Protein chains: 2
Amino acid sequence: MDFVASVVSGVAELGRELEDGRRQMVGLLLTGDFLGRPGRAIAPYTVVAATDMTLCCFRRPQFEQLLTKMPALANRLLEMTLDELDVARDWMLLLGRKSARERIASLLVLLARRESAMIGQIPTDRIAIELPMTREAIADHLGLTLETVSRQLAALKADKVIVLDGKRRVTVPSFAALVAESAAA
Amino acid sequence: MDFVASVVSGVAELGRELEDGRRQMVGLLLTGDFLGRPGRAIAPYTVVAATDMTLCCFRRPQFEQLLTKMPALANRLLEMTLDELDVARDWMLLLGRKSARERIASLLVLLARRESAMIGQIPTDRIAIELPMTREAIADHLGLTLETVSRQLAALKADKVIVLDGKRRVTVPSFAALVAESAAA
DNA sequence: CGTTCCCTTGATGGGCTTCAAGACTCGTGG
DNA sequence: CCACGAGTCTTGAAGCCCATCAAGGGAACG
């Protein structure tokens, strides 16, 4: 990649994969996120747009020059990168130690928090969550198979922790109950 | 934490844990690494020194001031953080998708590469690896149990991929064979 | 109406965890 | 000097969770 970019709109997924096809999603690129890395031209990531996207691209040399001239830019990038690092490490805990059910619940908590933040609220009861991805994409995020994702969603539904409205829509009667299932730290 | 620090010598482990005691190591702090984060006083990490350590500490306000005055410092920190992010994401692939045997092999490859780099070589055959940690610590890094770690080491030994010299020392007859076991990307 | 994609559900097996017991090492104190 | 104990590691047995394989349902689209 001879450029870096800032995401203006749209969603992309960062993944890493093995030769035999096993895949693990390692990050999400949302509006405002940064793509590419100053100081290195190649990246071992697979980047896939999940929606139509608009990027604001910078040629690498110019951008790196900019970086030395505007200290505020470097600080901003540092903040963002540290945030991503925290997110990645949270995910490591999930991938290394949580059960399938806990992983699903954790993801739903994450999505619920995001939807609530969108409308400027703290998550409370009866939240509606839109799943912006297929079962397979969920599985690739959580380190599971798509069948397990499907089964655990069914199990959470059977236990009245969630209600499924069609395949892509989830409502949460009690947010506290969902959090309890997620094995929060 | 009202200070940040740079590691002068020694090793520490960064972990994250759940209420019920499940633990996942999320990073290593080696000489030169940075501890703490500018812009935020609390961190959801457990930091445990694995050896005696010497830290070079900075009070937070002074350090943040320094950061705005010395652009090179911010750039350096950004580089380091981006490296850590890459490492964390590699580990996500391991935790999410690799088998126990592959995880052990991957760790050994990592340690072998580090030992070789120490003496300025590329890893070749008959490398001696020192395991600087207990089986339990290995397990916490790899998202396994200590019993599984022990068993997989025994299995790799039985398959002539490694030789065990006591409990903390491993020699690798063929580095290529070890890499083949590690499911590299 | 057929095809394709996505999802669900069932059956089976395996990989890893869990529980348990014993071996080894090393430092300490009798 | 040796027994003891704590910490570490190995090994065995049992079982569960999740992956794998397989089949079919449902919705969207041409």
Side-chain angles (χ1 to χ4, degrees), chain A residues 13 17-18 20-24 48 50-51 93-108 129-159 162-170 181-183, chain B residues 13 17-18 20-24 48 50-51 93-108 129-159 162-170 181-183:
Chain A
E13 305 201 306
E17 41 196 78
L18 301 170
D20 61 12
R22 279 177 284 175
R23 178 181 321 177
Q24 177 62 50
V48 181
T51 65
L93 176 59
L94 178 147
L95 293 172
R97 293 303 186 191
K98 289 191 184 178
S99 71
R101 168 184 270 243
E102 290 166 347
R103 294 183 200 201
I104 298 286
S106 298
L107 178 65
L108 293 176
I129 305 171
E130 190 74 28
L131 297 179
M133 44 185 27
T134 67
R135 298 288 186 265
E136 185 174 25
I138 295 175
D140 283 341
H141 271 273
L142 300 180
L144 299 170
T145 60
L146 64 94
E147 294 95 329
T148 299
V149 171
S150 186
R151 271 187 254 270
Q152 294 298 335
L153 282 172
L156 286 172
K157 175 187 174 187
D159 295 345
I162 61 175
V163 179
L164 292 174
D165 300 341
K167 298 173 191 308
R168 296 293 185 92
R169 197 157 190 77
V170 176
E181 294 286 351
S182 75
Chain B
E13 304 201 306
E17 40 197 78
L18 272 35
D20 61 12
R22 279 177 284 175
R23 178 181 321 178
Q24 177 63 49
V48 181
T51 64
L93 176 59
L94 178 147
L95 293 172
R97 294 302 185 191
K98 290 191 184 179
S99 70
R101 167 184 271 244
E102 290 166 348
R103 294 183 201 201
I104 297 286
S106 297
L107 179 64
L108 292 176
I129 305 172
E130 190 75 29
L131 297 179
M133 44 184 28
T134 67
R135 299 286 187 267
E136 185 174 25
I138 296 175
D140 283 342
H141 270 275
L142 300 180
L144 299 170
T145 60
L146 64 94
E147 293 95 327
T148 300
V149 171
S150 186
R151 272 187 253 270
Q152 294 299 333
L153 282 172
L156 286 173
K157 175 188 175 186
D159 295 346
I162 62 174
V163 180
L164 292 175
D165 300 341
K167 297 175 189 308
R168 297 292 186 93
R169 195 154 193 80
V170 176
E181 294 287 349
S182 75

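Numbered from 1 within each chain, the chains take letters A, B, ... in sequence-line order. Since the structure is predicted, the reported quantities are computational estimates derived from the model, not experimental observations.
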*Decide, yes or no, whether a salt bridge links A:R22 with B:E102 under the criterion of side-chain N to carboxylate O below 4.0 Å.*
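Yes, charged N to carboxylate O under 4.0 Å.
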*Can you check whether any acceptor in the base of C:dC19 is under 3.5 Å from a donor in the side chain of B:E147, or vice versa?*
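By the distance-only test, yes, there is a pair.
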*Look at the side chain of A:R151 against the base of C:dG10 and say whether a donor-acceptor pair falls under 3.5 Å; ignore hydrogens and angles.*
yes
What integer distance in Å separates [X]:[atom1] from [N]:[atom2]?
| X | N | atom1 | atom2 | answer |
| --- | --- | --- | --- | --- |
| A:K98 | D:dC17 | NZ | C1' | 18 Å |
| A:L142 | D:dC17 | CG | C1' | 16 Å |
| B:L144 | C:dT17 | CG | C1' | 10 Å |
| A:E102 | D:dC17 | CD | P | 11 Å |
| B:R22 | C:dT17 | CZ | P | 12 Å |
| B:L153 | D:dT10 | CG | P | 7 Å |
| A:I104 | D:dC17 | CD1 | P | 16 Å |
| A:R97 | D:dC17 | CZ | C1' | 15 Å |

Using a cut-off of strictly less than 4.0 Å, decide whether [X] has a side-chain nitrogen or oxygen near OP1 or OP2 of [N].
| X | N | value |
| --- | --- | --- |
| B:R135 | D:dG7 | no |
| A:S150 | C:dC7 | no |
| B:R101 | C:dC16 | no |
| B:Q152 | C:dC16 | yes |

Please tell me which of the listed nucleotides, [options], lies nearest to the side chain of [X]?
| X | options | answer |
| --- | --- | --- |
| B:K167 | C:dT8, C:dC16, D:dC9 | D:dC9 |
| A:A100 | C:dC16, C:dC6, D:dC18 | D:dC18 |
| A:S99 | D:dC18, D:dT10, D:dA22 | D:dC18 |
| B:T145 | D:dC9, D:dA19, C:dT17 | C:dT17 |

*asked:* With side-chain contact (heavy atoms from CB on, under 4.5 Å) as the test, pick out the partner of B:V170 among B:L156, B:I162, B:V163.
replied: B:I162
Base, sugar-phosphate alone, or nothing: which one does [X] contact when heavy atoms must sit under 4.0 Å apart?
| X | answer |
| --- | --- |
| B:R168 | sugar-phosphate |
| A:T134 | sugar-phosphate |
| B:G166 | nothing |
| A:L146 | base |

*Under 4.5 Å between any side-chain heavy atoms of B:L144 and B:I138, yes or no?*
no
*Between A:A154 and B:V149, name the one whose nearest nucleotide on DNA chain C is closer to the 5' end.*
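By nearest-heavy-atom nucleotide position, the 5'-most residue is A:A154.
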*Partner of B:H141 under side-chain hydrogen bond (donor to acceptor under 3.5 Å, both in side chains), chosen from B:E136, B:R103, B:E13, B:R23*: B:E13
*Distance, nearest 0.5 Å, that separates CG of A:D140 from CE of A:M133*: 9.5 Å
*Separation between CZ of B:R97 and CG of B:L93, rounded to the nearest 0.5 Å*: 9.0 Å
